[in-house]
Amino acid sequence: LVYLAAFAPDEGESVADLMALREAPSGSASIRRDADGLLWLAREGFHENLCPDLDATEALVMAVVQKPTAARCFKGTSGPAAWKSKPSWYQVSTDDCMIPPETERWFAQRMHARKMLTLQSSHFSIASHAAEVVALIEEAAAAVR
């Protein structure tokens, strides 16, 4: 399993539980709830909070085509954690404004990641550091063949 600046809950934990471990990151202020209970990232602040290491056009495209997340996803608890029984790799984004980098490091350490790759990157490391992310995924795939 490869985690890219992502939540890695243990059984019984929710994303809300994990977000409460530290002060809310600056990007959380850009989350908006619509009338249907769906969460969106405001266009204002999208570039600054999610992908400042991408150019403005790429950020605008991402903001326009984003898909919402149901608010209830943050409160639902996880079932058994796959990282407890499967080898895992974790990529930390040091400039992440959506998940605190300290929390990302903690996830990697807690899961005993075979490798923790740290990138000076925003939350969207897969776009801003594609070559490094692909290399991590290929390394993980080769290790479990």
Side-chain angles (χ1 to χ4, degrees), residues 1-43 45-54 58-59 61-145:
L1 302 170
V2 179
Y3 296 83
L4 305 173
F7 289 102
D10 198 350
E11 187 167 10
E13 292 177 340
S14 69
V15 171
D17 295 334
L18 297 172
M19 288 302 295
L21 294 174
R22 292 185 172 71
E23 185 176 330
S26 60
S28 63
S30 66
I31 298 171
R32 304 287 183 266
R33 181 189 299 254
D34 69 17
D36 296 318
L38 299 176
L39 303 177
W40 300 82
L41 296 164
R43 284 194 196 172
F46 188 97
H47 189 197
E48 173 188 338
N49 290 304
L50 266 78
C51 53
D53 46 357
L54 297 176
E58 289 174 301
V61 169
M62 289 178 169
V64 169
V65 301
Q66 71 176 299
K67 302 297 181 230
T69 300
R72 69 181 179 272
C73 291
F74 286 83
K75 295 191 182 205
T77 56
S78 179
W83 51 261
K84 284 194 166 182
S85 61
K86 299 188 182 315
S88 300
W89 288 253
Y90 197 100
Q91 182 267 303
V92 173
S93 292
T94 62
D95 299 331
D96 198 329
C97 293
M98 299 308 293
I99 303 174
E102 300 82 12
T103 302
E104 294 176 13
R105 282 187 208 85
W106 179 71
F107 290 149
Q109 292 164 353
R110 178 169 78 157
M111 70 174 54
H112 303 289
R114 288 194 178 180
K115 180 175 187 174
M116 178 174 61
L117 173 64
T118 301
L119 298 174
Q120 187 172 352
S121 175
S122 69
H123 190 66
F124 285 165
S125 58
I126 195 158
S128 62
H129 290 80
E132 295 95 326
V133 169
V134 167
L136 180 65
I137 294 168
E138 288 175 340
E139 178 182 324
V144 296
R145 284 189 187 156

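Fair warning: this is a prediction, and the values are worked out from it, not measured in the lab. Nothing fancy with the numbering, it's 1 onward along the sequence. When reading the values below, keep in mind they use all heavy atoms of this one structure, side chains included, and skip hydrogens, waters and symmetry mates.
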Taking it one step at a time, do Phe7 and Met19 satisfy side chain to side chain contact (heavy atoms under 4.5 Å, CB included)?
CA-CA 9 Å; Phe7 289 102; Met19 288 302 295; 3.2 Å; yes
Is there a donor-acceptor pair under 3.5 Å between the side chain of [X] and the backbone N or O of [Y]?
X: Ser88; Y: Lys86; result: yes
X: Asp36; Y: Leu38; result: no
X: Ser122; Y: Asp95; result: no
X: His47; Y: Leu54; result: yes

Can you tell me how far [atom2] of [Y] sits from [atom1] of [X], rounded to the nearest 0.5 angstrom?
X: Glu104; Y: Thr118; atom1: CD; atom2: OG1; result: 9.0 Å
X: Arg32; Y: Leu41; atom1: CZ; atom2: CG; result: 9.0 Å
X: Cys51; Y: Ile126; atom1: SG; atom2: CD1; result: 13.5 Å
X: Leu50; Y: Cys97; atom1: CG; atom2: SG; result: 8.0 Å
X: Leu18; Y: Phe74; atom1: CG; atom2: CZ; result: 11.0 Å
X: Met111; Y: Leu1; atom1: CE; atom2: CG; result: 8.0 Å

Quick one: do Glu58 and Phe124 satisfy side chain to side chain contact (heavy atoms under 4.5 Å, CB included)? Show the steps, please.
CA-CA 11 Å; Glu58 289 174 301; Phe124 285 165; over 6 Å; no
Can you find a pair of side-chain heavy atoms, one from [X] and one from [Y], that are under 4.5 Å apart?
X: Arg43; Y: Val64; answer: yes
X: Pro25; Y: Met98; answer: no
X: Val2; Y: Val133; answer: no

Looking at Gln120, I'd like to know if its CD atom is crowded, meaning that more than 12 non-hydrogen atoms belonging to other residues, nucleotides or ligands lie closer than 6.0 Å.
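Check fails, neighbour count at 12 or below.
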Taking atom CZ of Arg72 as the centre, does the number of heavy atoms from other residues, nucleotides or ligands within less than 6.0 Å exceed 12?
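At most 12 heavy atoms, drawn from other residues, nucleotides or ligands, come within 6.0 Å of this atom.
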Would you please test Asn49 and His123 for side chain to side chain contact (heavy atoms under 4.5 Å, CB included) and show each step?
CA-CA 8 Å; Asn49 290 304; His123 190 66; over 6 Å; no
Shortest non-hydrogen contact between [X] and [Y], atoms and distance:
X: Gly37; Y: Arg33; value: CA-CG, 4.0 Å
X: Asp96; Y: Ala5; value: OD2-CB, 3.6 Å
X: Pro100; Y: Arg22; value: CB-CD, 4.1 Å
X: Asp53; Y: Ser128; value: OD2-OG, 2.9 Å
X: Asp17; Y: Gly12; value: OD2-O, 4.0 Å
X: Leu4; Y: Ser125; value: CB-OG, 4.5 Å

Relative to the ring of Tyr3, is the ring of Tyr90 parallel (under 30°), tilted (30 to 60°) or perpendicular (over 60°)?
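Because their plane-to-plane angle is under 30°, the rings of Tyr90 and Tyr3 count as parallel.
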Test side chain to side chain contact (heavy atoms under 4.5 Å, CB included) applied to Trp89 and Leu117, step by step:
CA-CA 8 Å; Trp89 288 253; Leu117 173 64; over 6 Å; no
